[in-house]
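In what follows, a structure is listed as structure tokens, so that the remarks can point back to it.
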Number of protein chains: 2
Amino acid sequence: MSLGRLDNFIGFRLRRIQNYLSSAFTAESVALGLRPGEFSALAVIAANPGVSQGTLAREVGLDKSAAVAVIDDLERLRLAERRRLTADRRRHALYVTGDGEAALDRLFAKLETVERDVLNALSPDDLQVLSSLLDRIYHSCFRQDA
Amino acid sequence: MSLGRLDNFIGFRLRRIQNYLSSAFTAESVALGLRPGEFSALAVIAANPGVSQGTLAREVGLDKSAAVAVIDDLERLRLAERRRLTADRRRHALYVTGDGEAALDRLFAKLETVERDVLNALSPDDLQVLSSLLDRIYHSCFRQDA
DNA sequence: TATTGTTATACTCTATAACTATA
DNA sequence: TATAGTTATAGAGTATAACAATA
């Protein structure tokens, strides 16, 4: 089976590698009761304690209505919690619980294992180069951040 | 907004870049009436004239039942066609039509534009390095191909 | 009047299994 | 009995708009 012209595009190779990484990781994620996307939401809350739902949604690429379901789920699992802000009672500030931090430790450990397996074709120097090339692309695309 | 520990993982950056690439491309794709995934199916048929539905499905990562809907769509748009094989009348051989080739030319041109925009932070030499690093990862993951 | 979060709804995707026609 | 393709169906994911509370 040939991929033909598709094979000339970097985006196609990015997608194949990324699909592989994420399917390997998803198994660990669902083992903790998390659906795809909930892990990154939890990680972003952990990195930004008190973040609002709207800001989180924008950052993770979710619709604000989809964010409701994600946070409902995280609360149900006692991994994160909403706290109504007194300053602006429309807003919820989001925080990760102790259980949430423990889950993140476990998930990040798995993520490291998965990446190590997939990236073991490259030397540490190669990885450094790859990382810096991706950074340069990333920053040229997303420099206009909020 | 910080991404916290997430930012240390190459897979996360791969995903952001790939999301960006694919959302920019999807617009052109739907303008031609194609749904996501149908473009790559069409490209693989073009690269492998006479391929069967099952083989195509495996290659593109579709379920065989999902492949039916994709090919129905491609036939309805007159971009590809099924031909019943006389040797084994259970099978359909798939072919791209003239319209299909024209659509592919247009779509691949768009793909080049999108990639150029996103990857313009890198010099041709850098792109060559990136491409070869991704290839090495890819081949170490998928060497056990069919 | 605008914004934050919520609910409702519809649409798309995906995954599964049952079915047909051929082998 | 096994395989290629099809159909039917249910579940998850996503996108949209209407809504309540608050600003």
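First the proteins, then the strands, lettered A, B, ... as listed; each starts at 1.
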* Please work out if A/Asp88 contacts a base, only the sugar-phosphate, or nothing of the nucleic acid, heavy-atom cut-off 4.0 Å. =>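 If one applies the 4.0 Å heavy-atom cut-off, A/Asp88 turns out to touch the sugar-phosphate alone, with no base involved.
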Roughly how many Å is it from [atom1] in [X] to [atom2] in [N], rounded to a whole number?
X       : N      : atom1 : atom2 : result
B/Asp63 : D/dA8  : CG    : P     : 16 Å
A/Leu85 : C/dT3  : CG    : C1'   : 14 Å
B/Glu38 : C/dT14 : CD    : P     : 11 Å
B/Arg91 : D/dT3  : CZ    : P     : 11 Å
B/Leu94 : D/dA4  : CG    : C1'   : 12 Å
B/Lys64 : C/dA17 : NZ    : C1'   : 10 Å
B/Arg58 : C/dT14 : CZ    : C1'   : 19 Å
B/Glu75 : D/dG5  : CD    : C1'   : 13 Å

* Asked: So which of A/Lys64, A/His92, A/Arg58 actually passes side chain to side chain donor-acceptor pair (under 3.5 Å) with A/Gln53?
  ->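 Only match with A/Gln53 under side chain to side chain donor-acceptor pair (under 3.5 Å): A/His92.
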Any side-chain N or O of [X] less than 4.0 Å from the OP1 or OP2 oxygen of [N]?
X       : N      : value
B/Arg90 : C/dA21 : no
A/Arg82 : C/dT4  : no
A/Arg89 : D/dA21 : no

* From B/Leu6 atom CG to A/Glu59 atom CD, the distance as rounded to the nearest 0.5 Å ->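 If I round to the nearest 0.5 Å, the distance is 9.5 Å.
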Nearest-nucleotide pick for [X], side chain only, options being [options]:
X       : options               : answer
B/Arg35 : C/dC13, D/dT16, D/dG5 : C/dC13
A/Val68 : C/dC13, D/dT6, C/dT7  : C/dT7
A/His92 : C/dT16, C/dC13, C/dG5 : C/dG5

* Asked: Could a donor-acceptor pair under 3.5 angstrom be found where the side chain of B/Ser65 meets the base of C/dT14?
  ->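 Such a pair does not exist between side chain and base.
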* Does A/Val51 reach the side chain of A/Tyr95, with side-chain heavy atoms less than 4.5 Å apart? ->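 Side-chain contact under 4.5 Å: no.
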* Under the side chain to side chain donor-acceptor pair (under 3.5 Å) criterion, do A/Thr55 and A/Ser52 qualify, and how do the steps go? -> CA-CA 5 Å; A/Thr55 305; A/Ser52 73; 3.0 Å; yes
* **Electrostatic pair A/Asp72:A/Arg82 at N-O distance under 4.0 angstrom** =>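 Looking at A/Asp72 and A/Arg82, the cut-off is met.
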